[in-house]
Amino acid sequence: MSDTKTPLPNVPESRIEPAKHARLSFVWLVPILATLIGVWIGVNTIRDEGPKITIQFPSAEGLEAGKTKIRFNGVEVGTISRIGLSDDYQQVVVTAEMSPQSERFLVKDTQFWVVKPQISGASVSGLSTLISGAYIGMDIGQSPQSERHFMALADVPPEAGGVHGHYFILKAEQMGSISKGAPVYFRRLPAGKVASYELDKGGKFVDVKVFVKEPYDQFVTSDTRFWQAGGIDVSLATDGLKIHTESLLSILVGGIAFETPDAGLHLPPAEGNTVFALCKNREEAFWPPAINPFTYTIAFKGSVRGLTIGAPVEFEGIPIGRVTDMQALLDTKTYDYSLPVTIEVDPARFGVKLNGITDSKLAASVHQKLVDNLVAHGMRAQLQIGSLITGSRFVALDFFPDAAPVSIDWSQTPVQMPSVQDDFEALKGNLASIVKKIDQLPFKEIGDNLNQTIVGAQGTLTNADQLLANANKLITPDSELDTQLGDLIQKLGGAAQAINLLADYLERHPEALIEGKARGTK
């Protein structure tokens with residue numbers, strides 16, 4: 001074998017070249033573009049989609065998924081998407097899709113309610129929904145805390161639509177003619193409305209919640225007086241008939257009025273939900289509260305018809321207190337029946353001001369001495385008629401000098417005030433006494449005597465008739481008396497003629513009275 005190497009043929013040198021990109025087919029551009037458009041639409045949809053909330057209603061009446069709108073000041077801010085029941089099946093849960101701009105409005109105290117045709121008290125609302133259908137109203141809250149679940153209100157709140165003001169609680173013994181939505185007046189100007197009412201937990205009072213709008217709420221202070229202004233307040237006083245009412249609307253639907261005395265206007269405005277007493281009328285509202293009042297009982301033996309709890313107690317025409325209680329009482333020892341009336345008297349309204357006396361015990365001692373002195377001078381309690389039309393009565397403390405002496409026992413609780421019989425009962429007693437005396441009259445004997453008198457009178461009348469008949473016979477024509485009267489008249493006529501002749505002769509011959517009648521004279 002030969003060691004000579006055979007040369008290899010020339011081989012081209014290899015080198016790395018970059019791979020060529022394959023061209024994208026036009027067919028793939030369409031799905032890619034559709035995917036990009038879908039992603040863009042999805043992003044925008046998510047961006048434009050607002051929050052979802054749930055609202056709990058007692059009923060789904062008037063609501064419809066996909067149609068019922070949520071509005072704020074007339075602008076649509078959401079739509080109901082679903083209506084279902086709560087877990088306990090007692091409420092209706094509505095799911096709503098809200099607009100994105102409503103995100104910051106959905107806070108803790110935001111309120112929702114159904115707007116539909118409704119008549120409540122003096123207000124008529126939701127008439128436009130007769131055509132467009134019911135919708136959900138919304139009022140934006142002020143809380144910084146976000147919220148997605150809400151409890152709907154039963155009615156439109158008074159402060160809806162940007163109306164500002166304050167709520168106050170009024171305690172009343174009776175509801176009277178007040179209803180939800182009834183107007184609230186300040187100096188006869190509409191200043192708010194009744195928002196709601198409920199019986200308190202104790203069952204003794206009715207709590208009426210009222211809303212007073214701006215600027216009238218600034219006049220509500222701790223000294224403000226509230227009273228029922230429904231109907232017509234008619235009173236008959238010495239200066240005539242008085243008729244008082246706030247407005248024609250209050251007569252129909254009732255209402256509440258409030259006023260602040262001038263002395264209380266300088267006080268700061270009352271805070272929201274402050275509790276006030278709701279009085280029956282304006283007179284009761286402005287009745288000054290008693291300072292260290294004294295309680296007395298008065299035992300009336302007659303009827304107390306017309307006297308009611310709250311009736312005034314007057315001293316010489318000055319109101320000094322009120323009747324607080326009435327009840328019947330039977331004394332088991334004497335079996336005397338009485339009607340004790342309890343009154344509350346303000347010592348300061350007796351007309352005596354206890355200047356400089358701040359000690360309540362010292363003031364009570366001065367009051368006792370005053371009452372003892374008045375009773376010693378004849379002061380007694382008496383029922384009197386306040387109105388002849390209504391028959392209402394009141395307790396009057398007047399002076400009766402002829403009353404029997406009596407002293408007050410201050411050891412009793414409460415102290416008993418001496419009384420006298422009222423004029424009406426005294427009149428009834430006098431009438432009963434007169435009737436009794438009339439019943440005791442001997443009517444039979446009086447009748448017999450009267451019959452005898454009538455018989456005697458009849459005999460006298462018969463004799464008189466006979467006398468008149470005889471007199472008629474004497475004066476009839478051609479009677480003897482008539483003839484004699486005719487002769488007498490003729491003779492009197494002749495005598496009168498002779499006297500006339502004598503008088504005529506003496507007038508012509510006066511000397512004949514001395515010398516006599518001359519011969520040959522006529």
Side-chain angles (χ1 to χ4, degrees), residues 73 107-111 113 120-123 139-145 153-201 204-230 233 244-247 249-250 253-291:
N73 286 346
V107 293
K108 195 73 174 179
D109 55 347
T110 296
Q111 298 174 331
W113 62 90
S120 176
S123 61
D139 192 33
I140 300 174
Q142 302 296 326
S143 174
Q145 184 178 354
L153 301 177
D155 298 304
V156 181
E159 68 273 21
V163 179
H164 299 287
H166 287 86
Y167 285 96
F168 301 102
I169 308 299
L170 310 181
K171 283 192 171 293
E173 294 182 356
Q174 295 181 353
M175 190 63 186
S177 59
I178 302 173
S179 60
K180 186 182 296 183
V184 177
Y185 296 96
F186 175 71
R187 300 187 183 276
R188 298 191 178 182
L189 296 174
K193 62 174 60 177
V194 175
S196 63
Y197 57 85
E198 62 179 357
L199 190 67
D200 70 348
K201 296 181 179 179
K204 294 183 178 180
F205 298 95
V206 177
D207 292 339
V208 182
K209 190 174 185 179
V210 298
F211 177 78
V212 180
K213 60 185 179 181
E214 293 181 348
Y216 306 102
D217 58 342
Q218 64 180 329
F219 300 110
V220 179
T221 69
S222 58
D223 196 29
T224 299
R225 319 294 171 83
F226 289 84
W227 67 90
Q228 298 187 19
D233 185 9
H244 179 80
T245 182
E246 293 297 325
S247 68
L249 183 62
S250 66
V253 301
I256 295 175
F258 72 92
E259 191 174 332
T260 303
D262 295 339
L265 290 175
H266 69 280
L267 298 173
E271 297 181 356
N273 294 322
T274 301
V275 179
F276 295 90
L278 181 60
C279 301
K280 297 179 181 178
N281 49 49
R282 190 178 188 277
E283 180 183 2
E284 180 179 327
F286 280 86
W287 181 264
I291 302 175

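Residue numbers start at 1 and run along the sequence shown.
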With the side chain counted from C-beta on, respond yes when Trp227 and Glu259 share a heavy-atom pair under 4.5 Å apart, and no when they do not.
yes
How far apart are the C-alpha atoms of Lys171 and Asp207, what are their side-chain angles, what is the distance that settles it, and do they pass the side chain to side chain contact (heavy atoms under 4.5 Å, CB included) test?
CA-CA 5 Å; Lys171 283 192 171 293; Asp207 292 339; 2.7 Å; yes
Which heavy atom of Pro269 sits nearest to which heavy atom of Asp217, and what is that distance?
CB-O, 4.4 Å
Tell me whether Glu173 at atom CD has more than 12 heavy atoms from other residues, nucleotides or ligands lying less than 6.0 Å away.
no
Please check: side-chain N/O of Asp200 versus main-chain N/O of Phe205, any donor-acceptor pairing under 3.5 Å?
yes
Is Gln228 reaching over with its side chain to a backbone N or O of Gln174, donor-acceptor style, under 3.5 angstrom?
yes
Could you list the residues that satisfy salt bridge (Lys or Arg N to Asp or Glu O under 4.0 Å) with Lys280, not counting sequence neighbours?
none
Decide yes or no for Phe211 and Val163: does some side-chain heavy atom of the first lie under 4.5 Å from some side-chain heavy atom of the second?
yes
With the side chain counted from C-beta on, respond yes when Val220 and Phe276 share a heavy-atom pair under 4.5 Å apart, and no when they do not.
yes
Given 3.5 Å as the limit, does a donor-acceptor pair link the side chain of Asp109 with the main chain of Gln142, or not?
yes
Heavy-atom closest pair (Tyr197 atom, Lys180 atom, distance to 0.1 Å) is CE2-N, 3.9 Å
Output every pair passing side-chain hydrogen bond (donor to acceptor under 3.5 Å, both in side chains) with a member in residues 260-279, not counting sequence neighbours, ordered by first then second residue.
Thr224-Thr260
Quick one: salt bridge (Lys or Arg N to Asp or Glu O under 4.0 Å) partners of Asp223, sequence neighbours excluded?
Arg225
Heavy-atom pair of closest approach, residues Gly181 and Lys193:
O-CB, 4.2 Å
Value rounded to 0.5 Å, distance of OG1 in Thr110 from CD in Gln145:
11.5 Å
Looking only at heavy atoms, what is the nearest atom pair of Phe258 and Ala191, with distance?
CE2-CB, 4.1 Å
For Ala182 and Gly255, which heavy atoms make the closest approach, and how far apart are they?
CB-CA, 4.2 Å
Might you point out which heavy atoms bring Val208 and Ile256 nearest each other, and give the distance in Å?
CG1-CD1, 4.1 Å
Side chain to side chain contact (heavy atoms under 4.5 Å, CB included) between Ile178 and Leu278: does it pass, once the steps are laid out?
CA-CA 11 Å; Ile178 302 173; Leu278 181 60; 3.6 Å; yes
